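Below is one structure, written out as structure tokens; comments come after it.
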Amino acid sequence: MELTCPLPLNYQQIVMAHGGGGRLMQQLLARVVQPTFSNDYLNQQHDSAVFTVGNQRLAFTSDSYVIKPLFFKGGDIGKLSVCGTVNDLAMSGAKPLFLSCSLIIEEGFPIETLQRILQSMQETAEQAGVMIVTGDTKVVDHGKGDGLYINTAGIGLLETDLIIQPSSIQVGDAVILSGDLARHGIAVMLEREGLDFESEIVSDCAVLSPLVQDLLQAGIEIHCLRDLTRGGLASCLIELAHSANVHIEITETALPIIEPVRTACELLGFDPLYIANEGCFALFLPAEQVASALAILQKHQTGQHACQIGTVQSTHEQGLLTLSTAMGIIRGLDLLSGEQLPRIC
Amino acid sequence: MCLAIPAKIISISENNDSLQRMARVDFSGVIKDISLAYLPDAKVNDYVIVHAGLALSILDEDEAQITLAAFAEMNNVS
Amino acid sequence: MFHKQAFRNPAIAKKLVAAIAQISTQPWTIMEVCGGQTHSIIQYGIDQLLPDNIRLIHGPGCPVCVTPLAYIDKALAIASVPDIIFCSFGDMLRVPSSHSDLLSAKAQGADIRIVYSPLDALKIAQENPNREVVFFAVGFETTAPTTALAAQQAKQLGLKNFSLLTCHVCVPPVMRALLKSENCQVQGFLAAGHVCAIMGYQQYHPIAQRYRVPIVVTGFEPVDILQGIYQCVQQLEAGRFEVENAYSRVVKEQGNTAAQNAMQQVFQTVDRNWRGLGEIPQSGLMLAPSFDAWNAELKFNVQTINTEEPKACRSGDVLQGLITPPQCPEFGKTCTPEHPLGATMVSTEGACAAYYRYRRGVN
């Protein structure tokens with residue numbers, strides 16, 4: 001958003017918000033990372049890079065997983081590390097095939113815990129129909145890591161001719177959400193040390209490629225897909241509106257949020273529109289295909305809450321996301337600086 | 001000051017020392033132990049307004065009903 | 001949950017908006033005191049629902065916003081002492097001091113932890129008997145009782161490794177200060193509902209009488225806020241200036257007397273600087289001498305830190321209703337949520353931050 005008129009970088013050092021999925025992270029990528037590596041594939045700014053080898057279009061992506069606690073309701077760092085990378089591939093329309101697994105382990109980490117996590121990775125990989133075929137292991141000094149960090153990279157095959165990317169979004173498209181909002185972020189937050197909340201909120205962490213493959217096989221003309229991770233729904237749609245130069249409007253009363261998640265957000269002063277999911281995506285498609293797409297998504301347990309949440313209204317030079325509120329007011333949504341912090345006042 | 005929301009008292013751990021009086025409360029599916037140190041009259045099933053781990057006041061259901069009834073009676077104006 | 005949906009019901013809200021339009025015959029300017037109310041107003045777009053003749057001024061009611069630079073510098077000085085565990089509410093972490101903020105200090109290795117309650121900080125102190133644990137106690141009269149409870153419990157337990165950096169502030173003195181100002185535009189107040197849940201509203205009667213302004217105790221849901229505005233306009237139109245309670249399900253006239261007693265035991269009232277507003281007499285709470293052993297300012301010898309406020313920031317004018325945030329020349333330019341110049345851009349509840357976040361790009 002500041003690409004044309006950058007604000008000064010205010011931090012000389014990396015702060016947590018640089019990884020929070022908000023404005024600071026965008027600034028870091030736009031000013032430090034992207035200019036250094038700049039090339040046509042990177043500049044697509046999609047979850048995966050898509051390129052052609054011979055006659056085949058392939059998708060390639062990588063992601064690192066750093067999470068406290070390592071185990072949470074509905075998943076663990078292992079499951080997350082497979083879901084996240086598989087989902088990034090799926091968001092380009094690719095069928096995920098192979099993953100790598102790199103482990104950065106802190107000295108003193110129990111091998112039994114490591115085995116549990118690897119087992120979880122393998123089970124998730126089987127569900128997703130991918131194989132973990134290569135990897136690496138490093139050990140760092142005690143105190144230099146939170147037990148375990150995982151990096152996975154993945155390769156997938158595009159069997160569709162559709163170009164699924166932000167620039168394919170068209171005015172008049174419907175926006176479908178595949179699941180309920182903010183569940184992963186809240187599930188993890190409530191289990192963090194220091195907050196001492198109890199709840200039955202389970203992370204939505206799940207593999208999304210079967211949903212996408214079913215949509216493609218049914219001939220749904222997908223224009224764009226984006227899974228909601230850091231920064232939540234609002235950050236995801238703001239980035240897409242910006243990349244596609246469109247005005248997207250979503251309807252507050254249509255947004256699926258389960259009651260305990262809504263309450264937890266009120267308790268901590270969070271806006272659920274900016275909280276992470278790990279098993280939920282936004283889908284842009286022609287409005288006339290909404291009913292058939294919803295029918296396909298709702299057959300999957302992960303997609304049972306799928307619903308239309310908005311539309312692409314018009315072209316817009318800088319990109320704009322607005323929310324039509326329950327009170328009948330329309331207001332703009334902007335990126336947050338970084339991760340939301342629990343607030344008291 | 002601002003972020004205080006209602007929760008239902010599920011149980012109270014009585015303590016002779018009022019400073020240590022705690023309650024387990026339910027914020028629609030999120031459970032937390034909070035202090036009842038300054039609400040000696042709060043009982044199980046009461047809704048209390050909670051801020052930063054402390055119950056500030058008991059929510060008065062009768063008053064809520066009176067307020068809502070007044071809105072219902074308010075004439076529709078066009 | 002409990003009636004929540006009823007107090008967010010758009011149909012009731014619209015009824016109230018229509019009623020406000022029907023009874024108001026001239027322009028009125030009303031201040032909502034509490035930042036939580038500002039948040040609701042912007043989030044639900046209540047200011048856009050209201051008839052044009054009703055103008056809302058967003059008040060100073062965000063304790064994060066008004067915490068003076070000196071205290072943030074004190075917090076940073078304490079947090080950087082080796083082996084300290086410094087606990088704070090999340091919203092204080094991004095507030096910049098003269099040279100840094102707590103998030104940056106955390107990035108440089110300070111052990112800074114976000115807690116939900118001062119009581120959680122107390123627990124951390126009990127679990128870490130070999131380390132000093134400090135809690136940064138900010139907030140209005142709503143939050144002060146929880147700090148008082150933590151102080152009382154620490155004293156009772158004889159907990160020696162726990163202390164409080166206390167910068168609580170009180171609402172009535174700042175209302176008086178705003179009303180005394182020659183330029184004050186405020187004709188009626190929505191008083192902060194949760195402050196009144198603790199303090200009651202007896203102390204507002206003299207303010208309403210002396211300055212001839214209606215004061216309506218108001219809650220935080222959209223219907224609550226519209227009800228507060230409706231009652232305020234009713235009084236203004238009738239030429240009345242009384243204290244009324246539009247949040248009777250939560251607030252009683254006498255407030256929470258047990259909490260008030262605890263505050264009297266633990267705190268003493270002092271003059272306090274407000275970021276963007278300057279010094280307001282008898283507007284702050286600090287630990288009473290009987291709690292010196294738990295006073296972090298004394299324990300870590302930071303009481304002499306004194307920091308000047310920046311001059312470019314016009315948050316004082318915003319708070320007094322003299323300008324709206326976009327009228328400030330620095331708004332959105334040198335002053336953004338990533339790099340705030342002053343109080344009202346700092347917290348998500350600050351008037352400038354709320355405008356920046358919800359209004360940019362629309363219209």
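Numbers restart at 1 for each chain; the letters A, B, ... are given by sequence-line order, proteins then strands. Because the structure is a prediction, the values reported are computed rather than measured.
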Drop me the distance from C/Tyr230's OH to B/Phe71's CZ, to the nearest 0.5 angstrom. 10.0 Å

Rounding to 0.5 Å, atoms OH (B/Tyr38) and CD (C/Gln152) come to a distance of 4.0 Å

Got a second to check how far C/Asn256's CG is from B/Leu54's CG, nearest 0.5 Å? 8.0 Å

Roughly how far, to the nearest 0.5 Å, is the NZ atom of C/Lys155 from the CG atom of B/Leu19? 11.5 Å

The interface call for C/Leu149 against chain B, heavy-atom contacts under 4.5 Å, is both

Proximity breakdown for C/Ala148 and chain B, heavy-atom pairs closer than 4.5 Å: both

Which bit of C/Lys252 is near chain B, if near means a heavy-atom gap under 4.5 Å: side chain, backbone, both or neither? side chain

Test item: B/Met74 and C/Leu16 side chains (from C-beta on) under 4.5 Å apart, heavy atoms: yes

Stepwise side chain to side chain contact (heavy atoms under 4.5 Å, CB included) test for B/Thr67 and C/Ser248: CA-CA 8 Å; B/Thr67 307; C/Ser248 58; 3.9 Å; yes

Selection from C/Val223, C/Thr146, C/Leu119 maximising heavy-atom pairs under 4.5 Å formed with chain B: C/Thr146

Region of B/Ile66 in contact with chain C, defined by heavy-atom distances below 4.5 Å: neither

Which bit of C/Gln156 is near chain B, if near means a heavy-atom gap under 4.5 Å: side chain, backbone, both or neither? side chain

Nearest 0.5 Å please: distance from the CD atom of B/Gln20 over to the CG atom of C/Leu157. 6.0 Å

A side-chain contact here means heavy atoms from C-beta on lying under 4.5 Å apart; do C/Val250 and B/Ser57 qualify? yes

Give, for atom CD1 of B/Ile49 and atom OH of C/Tyr247, the distance between the pair rounded to the nearest 0.5 Å. 5.0 Å

Examine whether an atom of B/Asp17 lies under 4.5 Å from a heavy atom of chain C, and if so say whether it belongs to the side chain, the backbone or both; otherwise answer neither. side chain

Does the side chain of C/Arg249 come within less than 4.5 Å of B/Tyr47's, by heavy atoms? no

On a heavy-atom basis, the closest approach of C/Pro118 and B/Ala52 is CD-O, 4.0 Å

